4 protein chains.
Amino acid sequence: MTYSVAIAGASGYAGGEILRLLASHPEFEVRTVTAHANAGQPLLAAHPHLRSYAGLTLVDTTVENLRGHDVVFLALPHGKSGELADALSDARLVVDCGADHRLTSGADWERFYRSEWFGSWPYGLPELILGSGGKQRDALAGVNRIAVPGCNVTAVSLALAPGIRAGVIRAADLVAVLAVGPSGAGKSLRTDLLASELLGSAHAYGVGGVHRHVPEIVQNLTLAGGEGVSVSFTPVLVPMARGILATSTARLAPGVGAADVRSAWELAYADEPFVHLLPEGRFPNVSDALGANTALIGLAIDEDAERVVTVTVLDNLVKGTAGAAIQSTNLALGLPETLGLPVNGVAP
Amino acid sequence: MTYSVAIAGASGYAGGEILRLLASHPEFEVRTVTAHANAGQPLLAAHPHLRSYAGLTLVDTTVENLRGHDVVFLALPHGKSGELADALSDARLVVDCGADHRLTSGADWERFYRSEWFGSWPYGLPELILGSGGKQRDALAGVNRIAVPGCNVTAVSLALAPGIRAGVIRAADLVAVLAVGPSGAGKSLRTDLLASELLGSAHAYGVGGVHRHVPEIVQNLTLAGGEGVSVSFTPVLVPMARGILATSTARLAPGVGAADVRSAWELAYADEPFVHLLPEGRFPNVSDALGANTALIGLAIDEDAERVVTVTVLDNLVKGTAGAAIQSTNLALGLPETLGLPVNGVAP
Amino acid sequence: MTYSVAIAGASGYAGGEILRLLASHPEFEVRTVTAHANAGQPLLAAHPHLRSYAGLTLVDTTVENLRGHDVVFLALPHGKSGELADALSDARLVVDCGADHRLTSGADWERFYRSEWFGSWPYGLPELILGSGGKQRDALAGVNRIAVPGCNVTAVSLALAPGIRAGVIRAADLVAVLAVGPSGAGKSLRTDLLASELLGSAHAYGVGGVHRHVPEIVQNLTLAGGEGVSVSFTPVLVPMARGILATSTARLAPGVGAADVRSAWELAYADEPFVHLLPEGRFPNVSDALGANTALIGLAIDEDAERVVTVTVLDNLVKGTAGAAIQSTNLALGLPETLGLPVNGVAP
Amino acid sequence: MTYSVAIAGASGYAGGEILRLLASHPEFEVRTVTAHANAGQPLLAAHPHLRSYAGLTLVDTTVENLRGHDVVFLALPHGKSGELADALSDARLVVDCGADHRLTSGADWERFYRSEWFGSWPYGLPELILGSGGKQRDALAGVNRIAVPGCNVTAVSLALAPGIRAGVIRAADLVAVLAVGPSGAGKSLRTDLLASELLGSAHAYGVGGVHRHVPEIVQNLTLAGGEGVSVSFTPVLVPMARGILATSTARLAPGVGAADVRSAWELAYADEPFVHLLPEGRFPNVSDALGANTALIGLAIDEDAERVVTVTVLDNLVKGTAGAAIQSTNLALGLPETLGLPVNGVAP
């Protein structure tokens with residue numbers, strides 16, 4: 001165990017998942033777990049599934065409790081990380097799983113989040129292909145701050161970036177519709193998140209472009225080389241506890257052939273350990289990625305509609321949050337990128 | 001009870017739902033229920049939930065058993081209705097819940113279904129607004145053959161036809177992604193339909209425009225006045241037994257304002273008993289429509305993406321199949337259109 | 001429409017289900033719906049599935065608003081009905097769907113509910129067989145107060161009363177374990193009722209005899225002729241929105257043969273419209289009863305374990321609450337017992 | 001990697017789970033995976049979630065293919081392991097995840113399974129407390145054959161053995177009712193296992209003592225010191241892909257106090273790495289154990305009913321099958337018992 005770790009917001013779903021993954025990571029030792037309402041309770045009271053942490057107790061989320069660790073993971077509601085992070089200047093690495101440091105445009109932040117902007121941090125999506133031909137992982141080596149992407153954003157960005165980078169799809173008029181599990185919304189006590197409401201049902205939310213994930217998608221796909229990126233984005237809550245299935249479509253660029261399209265994605269992800277393009281005619285199940293740091297992408301070309309259709313699955317709590325955080329942390333600390341991260345899903 | 005009824009394929013999900021709805025319809029008497037593998041068994045063995053039919057026994061699906069009824073509902077796999085229907089020429093009304101008589105283009109039929117075409121019948125989607133300004137219900141009065149629409153097609157067609165009719169959205173480059181329950185696929189014994197595979201998961205099927213529902217959507221939206229209709233259509237199987245949530249989007253026509261858009265849908269459905277536009281900012285839950293002959297539509301305008309986004313829910317077995325069949329039957333026979341059809345969902 | 005109706009607590013699940021069922025009842029007109037936090041809102045805001053009540057608005061739950069109706073349904077948390085009911089003395093009929101007037105023993109009430117006792121009312125379980133050989137329905141004709149049973153209690157009582165009445169099973173050492181949907185717990189904002197917590201999971205609650213449903217079961221089975229009734233009762237929350245599957249077992253009485261056992265249940269329910277014993281070797285699915293006022297019972301004799309095992313399904317919101325309320329109301333008002341009540345489940 | 005491994009029946013759910021767990025086990029190298037209908041396909045076609053085995057291809061389940069490995073796991077339908085195992089005499093260890101070698105009584109085998117008996121093997125439930133005060137793990141050191149217990153049997157046996165061993169509960173008249181996920185039934189194409197049938201529903205099966213798991217439970221609890229063991233056993237299929245929640249109850253022995261009861265379980269599992277008694281008043285969620293080799297037990301005493309009630313959760317595919325197989329394999333080979341086995345559940 002080389003690095004000491006603290007987790008702020010450890011009683012929530014994201015915090016719990018960081019803990020679950022760190023339990024099989026050889027280089028980290030979790031020393032401190034903090035919470036708000038649950039402070040003072042054993043960690044097991046909030047997360048009875050985390051038996052390997054039977055000795056830990058939740059303490060208050062304060063600067064004092066978080067200071068003095070090598071790595072601090074922040075798993076807090078948006079707007080709560082900015083100030084706290086400023087006070088943790090001595091930490092070797094601070095990893096923000098919330099939204100506060102994702103956007104590079106202060107104007108976008110203020111428009112979509114209506115709170116104070118604390119600046120952007122290096123963005124923790126290593127597989128994001130850039131307009132330059134490089135990958136975002138190059139920007140993560142040795143950093144001491146990481147902004148972990150939003151889970152829905154990760155699914156859509158990984159799905160479309162290769163085609164935009166290669167110029168085989170248009171950056172304007174993207175359409176993404178996602179089936180998502182409720183754990184992405186956290187443990188919030190809201191009527192629409194009750195089991196009675198969601199079992200046997202489904203509903204869309206944030207319809208019509210007001211969704212906070214839109215500027216982050218635009219930012220990523222612009223980094224991938226897109227000009228004039230625009231995306232219609234609709235998440236649909238469905239009755240599975242975790243997981244995302246994103247159907248992301250784009251118009252074919254003029255004169256592009258089927259082989260050009262497929263090879264754009266093949267090239268982008270050929271050597272990736274966690275992101276895979278499925279063979280032609282195969283599309284992924286959400287369960288293929290559950291519990292794993294894996295994203296799987298199926299790809300089809302709709303000749304009649306002149307659109308490329310991608311279907312991407314990932315676990316919102318792993319590749320969408322905690323796994324991305326640890327993968328980026330490995331890169332920042334110079335550890336093997338895949339260390340401690342599962343690639344096999346828990347299925348069925 | 002004025003009309004005698006036979007149901008072919010009564011042991012399946014569609015057949016069962018026709019029976020459930022007919023149980024509270026005052027003008028029909030179910031005399032004959034037929035099946036293939038289940039023939040000879042009590043109806044209750046196939047549908048233990050249909051207690052009001054405790055006395056019925058399934059008989060073979062033959063012309064002899066189906067003849068001599070006023071109304072015959074066919075709930076058979078595609079390709080099985082055509083020949084059978086020809087032999088039932090004496091029936092006052094034959095209602096085909098399968099695909100065989102939906103498409104008006106024999107070429108489309110052969111391309112997508114790869115089997116013999118038996119011609120098209122009057123199309124059972126009464127609320128479909130036509131380019132002329134009328135509705136499809138006018139084409140159903142007094143007919144003796146009805147082709148019931150596909151469930152996914154109904155959701156997308158109702159969602160987009162008003163905008164196309166009014167010219168506020170473009171007919172080209174529509175994108176529809178649907179969360180659908182597995183009952184739409186029937187009782188087929190396929191691995192991907194097993195509970196173990198779908199619980200906690202989701203997967204897309206028929207990705208990339210090869211889906212049989214596409215030509216039917218194009219046909220409907222062309223009837224609504226669209227020119228050059230094209231649609232990218234992706235259904236996603238999610239873990240709810242029945243129900244559809246369709247996210248259907250279209251590009252705004254140039255120079256169209258928000259009020260124009262909303263009023264197109266308001267006008268189309270203002271007086272409809274079963275199809276409703278929700279107030280601004282409200283979007284439907286699948287459970288709102290479960291068990292009911294209701295379709296609910298939420299509408300938003302995404303200014304940034306320049307798209308209209310509609311979210312439509314309906315029960316694939318009711319408004320998507322059995323309810324549509326009975327509603328159209330009411331029209332064909334000159335009965336009140338809403339007779340015997342529930343409007344309230346079974347929620348939660 | 002002969003009778004005017006008010007519903008207190010109409011924004012909850014039980015209130016909503018009363019409304020859904022009353023929509024197809026020919027003798028009632030819903031005039032007033034009351035709520036607490038939701039007062040002032042359209043009913044559709046709380047129950048978007050109840051389209052036939054689009055004109056109704058929720059008003060405050062006050063005596064003034066509830067007075068002046070022929071029939072008042074109370075769908076309130078326990079402890080809230082007693083005082084209110086006293087003030088509605090002019091109503092032809094008050095039907096309490098809560099627990100307040102179920103128990104005939106004030107001591108039991110105080111032990112299990114720890115609040116003031118307001119006395120017991122005629123008990124709304126018409127099919128309960130009594131030690132005398134009669135049924136509980138005889139006690140409901142013409143009454144002006146009805147206490148609707150608890151949903152879990154209904155399942156266990158209907159399952160075991162016939163055997164106790166006939167003396168073929170022992171009244172002591174009953175064991176009942178129930179798989180139940182979360183809607184039985186209402187719309188309460190509790191972490192354990194979140195979709196994220198229940199999807200893909202299950203948990204027991206009220207384990208070890210402290211459950212409030214126990215004295216009510218004992219009361220019913222004592223009425224059925226049992227002496228020294230005792231029951232181990234464990235409800236298990238499972239991921240289905242509504243429904244109960246109760247496995248209720250009892251020791252065989254000495255010297256009793258298999259035929260005697262089965263005929264006890266056959267005789268008890270032979271002529272019942274809503275409660276049915278399935279044929280030997282058949283056991284019910286929860287979905288067989290969803291949305292319907294039906295209870296289905298499967299029965300087996302375990303010779304090795306010397307126990308009778310019953311498996312009973314019903315919809316907690318219908319036969320378990322709203323349907324039972326309306327069935328009993330029909331009896332109290334001299335209407336046909338089955339009027340307006342569905343017998344077919346909504347399946348699959 | 002010290003030991004070479006073959007898995008027969010690798011395309012099924014049990015086989016898949018063995019592979020998932022072995023992926024993080026340091027001492028095994030999977031060389032051969034066999035199947036029946038799927039032979040010739042890449043393993044990924046059957047298990048798209050097992051990305052770390054992207055190179056493996058399924059071959060026929062033959063003696064030739066299985067020979068020459070140190071360890072062979074058999075994950076075959078019952079009746080298929082016996083003959084095959086005889087032909088693998090050269091293997092250092094054969095682990096049968098099926099039922100064929102579990103029962104020590106040939107008469108019981110023939111009564112419940114109606115096929116040829118191939119004798120019993122050392123039983124792979126290390127934590128089973130024996131009448132002698134030892135544990136079953138002592139019987140596993142160095143063995144070359146292991147019979148892995150049934151998943152439901154494991155839940156009930158672990159739940160009740162401590163009380164029987166300590167004499168605080170009676171061995172006769174046990175009652176167990178289990179909520180179980182459909183993956184326990186394998187990938188069989190049966191109508192009752194379709195997602196449409198199980199979503200929103202539940203049903204019991206094997207009701208009335210004919211269940212094959214009964215003699216195995218009786219065998220285990222007799223080993224624990226019980227005399228005259230009898231159990232009423234009812235499994236209920238509920239809509240969660242995997243997992244078991246077993247409510248197992250027993251009559252209190254005369255004169256036993258609450259502290260005696262609890263200490264029986266505390267003593268039995270105090271030092272176990274995978275089986276835990278929860279604190280008083282706490283009961284487990286199925287999700288606490290999903291994906292992990294953990295069993296969690298909650299315990300209550302029902303003074304009125306004079307019964308001890310235990311609630312036990314485990315993952316049917318892990319502690320119920322594949323995890324138990326690997327744990328026992330570790331013991332047989334002299335490896336650390338916990339090697340490669342997760343203790344944290346995948347929740348929510």
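If you're wondering where the values come from, they're calculated on a predicted model, not measured in any experiment. We name chains A, B, ... by the order of the sequence lines, and we start the count at 1 in each one.
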Between chain C and chain A, which N/O donor-acceptor pairs sit under 3.5 Å?
from: C:Tyr13; atom 1: OH; to: A:Glu197; atom 2: OE2; distance (Å): 2.5
from: C:Ser183; atom 1: N; to: A:Ser196; atom 2: OG; distance (Å): 3.2
from: C:Leu193; atom 1: O; to: A:Ala195; atom 2: N; distance (Å): 2.8
from: C:Ala195; atom 1: N; to: A:Leu193; atom 2: O; distance (Å): 2.8
from: C:Ser196; atom 1: OG; to: A:Ser183; atom 2: N; distance (Å): 3.2
from: C:Glu197; atom 1: OE2; to: A:Tyr13; atom 2: OH; distance (Å): 2.5

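- Only the side chain of C:Leu198 comes within less than 4.5 Å of a heavy atom of chain A; its backbone N, CA, C and O stay farther away.
- Heavy atoms only, all atoms of each residue included: C:Pro182 and A:Leu199 are closest at CG-CD1, 4.0 Å.
- The greatest number of non-hydrogen atom pairs below 4.5 Å with chain A, out of C:Pro239, C:Gly181, C:Gly200, C:Ala185, is found for C:Pro239.
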